[in-house]
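Here's the structure we're looking at; comments come further down.
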Amino acid sequence: MNKGLLIQAFASLGLATILAGCGKTQAGAPPAGPQAFPVKVITAQSQVVPLSTDYLATLKSRNGATLQPLVEGDITKIFVNSGQQVEAGAPILEIDPRKQQATVNNQEAAYESQQAIVRQAAIDLDRKKQLSAAGVIAKADLDTAQHTYDAAKANADALQASIREQQVQLHYYTVHAPSAGIVGDVPVHVGDHVNTQTMLTTIDPGGALEAYISVPAEKSRALKMGMAVDIVDDDGRQLARTKITFISPHVDTDSQTLLVKTQVPNPERKFRNAEQVHARVVWSEQSAPTIPITAVTRLSGKMFAFVAEGQGQQAVARQRVIQVGDLIGNDYVVLDGIKPGDKVIVTSVQMLADGMPVVATP
């Protein structure tokens with residue numbers, strides 16, 4: 001036999017043996033499937049959630065006071081500092097009282113002079129009465145004396161009333177706190193000239209505040225007295241719950257909004273006068289599941305979540321289109337697509353595909 005043909009025959013026989021062995025191994029082994037992807041899963045829980053809308057609100061104090069002088073003049077003393085706690089009636093600042101004090105002094109001197117005239121007129125009147133009774137003088141002389149006394153007495157009374165008025169005016173040159181509270185910013189300085197239009201400072205007594213909320217006019221029909229309003233922080237966490245106490249009967253013609261007010265309790269002074277806060281008007285409350293933000297993906301304007309269907313190694317990820325409502329903290333309120341009890345996947349959702357095998361990890 002040719003040597004080349006013999007080598008070729010042995011090579012063919014070896015290849016056939018190898019292929020036969022490979023065929024046996026593949027036929028005897030079980031088919032291998034894709035490996036399950038590890039994910040974290042939570043069970044969707046139903047809870048009472050509000051259907052609400054957030055608006056920007058301004059807090060205002062019903063008891064806070066803006067101090068303006070009742071007289072004009074130059075500031076000579078400031079008795080307080082911004083942020084200082086003061087009692088009712090405490091002096092805040094003084095406006096130069098010297099000119100007004102001189103006026104009071106002049107009035108008092110004039111009153112004393114007039115009192116001397118009154119005393120002399122009274123003595124003269126008594127003498128004329130005695131002479132008239134004795135028939136020494138005519139009745140006309142007595143009438144003249146009486147008129148002189150009455151005029152002098154009237155002038156003295158008028159001066160006394162003027163003194164009281166000027167003394168009250170002098171009291172205005174020291175500005176006092178109308179109530180106990182915290183002094184606000186003091187924008188004026190010693191030496192400044194002020195008038196009755198000048199804002200001196202504010203006094204905030206603390207306590208309850210009112211939230212002023214502007215609601216679009218199209219929502220006016222849904223507003224009701226006593227409707228719940230939540231004051232929330234920037235992350236949506238509730239800071240206080242209150243109720244609507246006032247709904248304006250008129251819509252603002254410029255902004256087309258309706259003014260709504262609520263009483264905001266403030267026992268710990270968490271809120272400040274004139275502070276802007278987020279006010280969440282709660283239209284209604286319903287039971288709905290919530291899921292974390294990390295479980296939600298957005299694609300082409302739609303929102304999706306994955307749920308694990310099946311048990312153990314047989315579980316697969318199923319993608320669902322969901323409809324979400326408000327964001328409460330770090331959770332979405334799910335209006336449609338997820339039911340209470342569904343196993344929602346909350347990790348690695350960007351790496352999942354519909355039907356992909358998954359396994360829950362602790």
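Along the sequence shown, the residues carry numbers beginning at 1.
- Residue-environment remark: CG (N330) stays at or below the threshold of 12 foreign heavy atoms within 6.0 Å.
- For the atom pair OG1 (T53) and CD1 (I213), the distance works out to 11.5 Å, reported to the nearest 0.5 Å.
- Side-chain atoms of Q167 and Q100 form no donor-acceptor pair, as typed in the model, at a separation below 3.5 Å.
- Donor-acceptor pairing under 3.5 Å is recorded for the side chains of S255 and D252.
- Heavy atoms only, all atoms of each residue included: I247 and M225 are closest at CD1-N, 3.8 Å.
- The backbone N or O of K339 sits less than 3.5 Å from a side-chain atom of D342, completing a donor-acceptor pair.
- Residues V188 and L93 meet the side-chain proximity criterion, which asks for heavy atoms closer than 4.5 Å.
- One distance of note links OG1 of T294 with CD of Q350; it measures 11.0 Å at 0.5 Å rounding.
- Residue pairs that meet the salt bridge (Lys or Arg N to Asp or Glu O under 4.0 Å) test with at least one member in residues 153-170, sequence neighbours left out, are K153-D157.
- T361 places none of its side-chain heavy atoms less than 4.5 Å from the side chain of V39.
- Atom CD1 of I92 is separated from atom CD of Q84 by 7.5 Å, given to the nearest 0.5 angstrom.
- Taking hydrophobic clusters as Ile, Leu, Val, Met, Phe, Trp and Tyr residues chained together by side-chain heavy-atom distances below 4.5 Å, I78 shares a cluster with L70.
- Checked for salt-bridge contact, E275 and K270 miss the test: no charged N lies under 4.0 Å from a carboxylate O.
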* Asked: Should Q256 and V251 be marked as a side-chain contact (heavy atoms from CB on, under 4.5 Å) after you check the CA-CA gap, both sets of side-chain angles, and the distance that decides it?
  -> CA-CA 6 Å; Q256 284 298 296; V251 172; 4.1 Å; yes
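- Pairing each heavy atom of N63 with each of G206, the nearest pair is ND2-O, 4.5 Å.
- Using a 4.5 Å cut-off on side-chain heavy atoms (C-beta onward), Y172 and I95 make no contact.
- Using a distance-only test at 3.5 Å, with no hydrogens or angles considered, a donor-acceptor pair links the side chain of S220 to the main chain of A217.
- A donor-acceptor contact closer than 3.5 angstrom links the side chains of Y212 and K261.
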* Step by step, would you call T66 with M199 a side-chain contact (heavy atoms from CB on, under 4.5 Å)? -> CA-CA 7 Å; T66 299; M199 199 278 282; 3.4 Å; yes
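- Shown here for F306 and L352, the closest heavy-atom pair between the two residues is CZ-O, 3.7 Å.
- Defined by atom type and a distance below 3.5 Å, a donor-acceptor pair is missing between the side-chain atoms of D233 and H278.
- The shortest distance between side-chain heavy atoms of I244 and L223 falls below 4.5 Å.
- Both the sub-6.0 Å distance and the 45° axial angle are not jointly satisfied by K224 relative to the ring of W283.
- Transitive grouping of hydrophobic side chains (ILVMFWY, heavy atoms separated by less than 4.5 Å) brings V168 and V71 into a common cluster.
- The two residues S46 and S287 come nearest to each other via the heavy atoms OG-OG, 2.5 Å.
- Cluster annotation: L239 is not connected to V232 through the hydrophobic network of ILVMFWY side chains, with a link wherever side-chain heavy atoms come within less than 4.5 Å.
- Considering V296, V334, T297 as possible partners of M303, the one that fulfils the side-chain contact (heavy atoms from CB on, under 4.5 Å) test is V296.
- Note: the hydrophobic cluster containing M227 does not contain V49 (ILVMFWY, side chain heavy atoms under 4.5 Å, direct or indirect links).
- Distance check: R62 CZ to N273 CG gives 12.0 Å after rounding to the nearest 0.5 Å.
- How far CG of L200 is from CG of D185: 11.5 Å, rounded to the nearest 0.5 Å.
- Using a 4.5 Å cut-off on side-chain heavy atoms (C-beta onward), V215 and Y55 make contact.
- Residue pairs meeting the salt bridge (Lys or Arg N to Asp or Glu O under 4.0 Å) criterion with at least one member in residues 285-300, sequence neighbours excluded, are R241-E285.
- Identified under the salt bridge (Lys or Arg N to Asp or Glu O under 4.0 Å) test for residues 125-140, with sequence neighbours left out: D124-R127, D124-K128, K139-D143.
- The shortest non-hydrogen separation linking S61 to G64 is OG-N, 2.9 Å.
- The line from CD of Q319 to CZ of F304 is 5.5 Å long, rounded to the nearest 0.5 Å.
- Side-chain contact between V183 and N81: absent, with no pair of heavy atoms (C-beta onward) separated by less than 4.5 Å.
- Side-chain contact between I182 and I203 is absent, with no heavy atoms from C-beta onward closer than 4.5 Å.
- In this structure, N106 contributes its side chain and T103 its backbone to no donor-acceptor pair below 3.5 Å.
- Judged by distance alone, the side chains of K343 and T43 do bring a donor and an acceptor atom under 3.5 Å apart.
- The side-chain heavy atoms of Y332 and I322, taken from C-beta on, include no pair separated by under 4.5 Å.
- Side-chain contact check for H193 and D74: at least one donor-acceptor pair (N or O, by modelled atom type) lies under 3.5 Å.
- For the 3.5 Å distance criterion, the side chains of E94 and T76 qualify, holding a donor opposite an acceptor.
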* To do: Apply side-chain contact (heavy atoms from CB on, under 4.5 Å) to L142 and L125, showing your working.
  => CA-CA 7 Å; L142 177 61; L125 178 59; 4.1 Å; yes
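- D235 places no side-chain N or O within 3.5 Å of a backbone atom of R237 that could act as its donor or acceptor partner.
- When all heavy atoms of A308 and V358 are compared, the closest pair comes out as CB-CG2, 4.4 Å.
- For N266 (side chain) and F271 (main-chain N/O), a donor-acceptor pair under 3.5 Å exists by modelled atom type.
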* To do: Dump the intermediate steps for side-chain contact (heavy atoms from CB on, under 4.5 Å) on L170 and Q101, then the final yes or no.
  => CA-CA 7 Å; L170 181 61; Q101 185 66 61; 3.0 Å; yes
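- Within 6.0 Å of CD in E268 there are 12 or fewer heavy atoms belonging to other residues, nucleotides or ligands.
- Hydrophobic cluster membership is shared by I345 and M351, with clusters built from Ile, Leu, Val, Met, Phe, Trp and Tyr side chains linked at under 4.5 angstrom.
- A side-chain donor from one of Q107 and S162 sits under 3.5 Å from a side-chain acceptor of the other.
- For the pair S82 (side chain) and V186 (backbone), a donor-acceptor distance under 3.5 Å is present.
- Q68 and Q197 form no side-chain donor-acceptor contact under 3.5 Å, judged by distance and modelled atom types alone.
- For the residue pair Q47/T290, the side-chain donor-acceptor check at 3.5 Å is satisfied.
- Residues T198 and N195 bring a donor and an acceptor atom of their side chains to less than 3.5 Å of each other.
- One finds no salt bridge joining D204 and R272 here, because no Lys/Arg side-chain nitrogen approaches an Asp/Glu carboxylate oxygen to under 4.0 Å.
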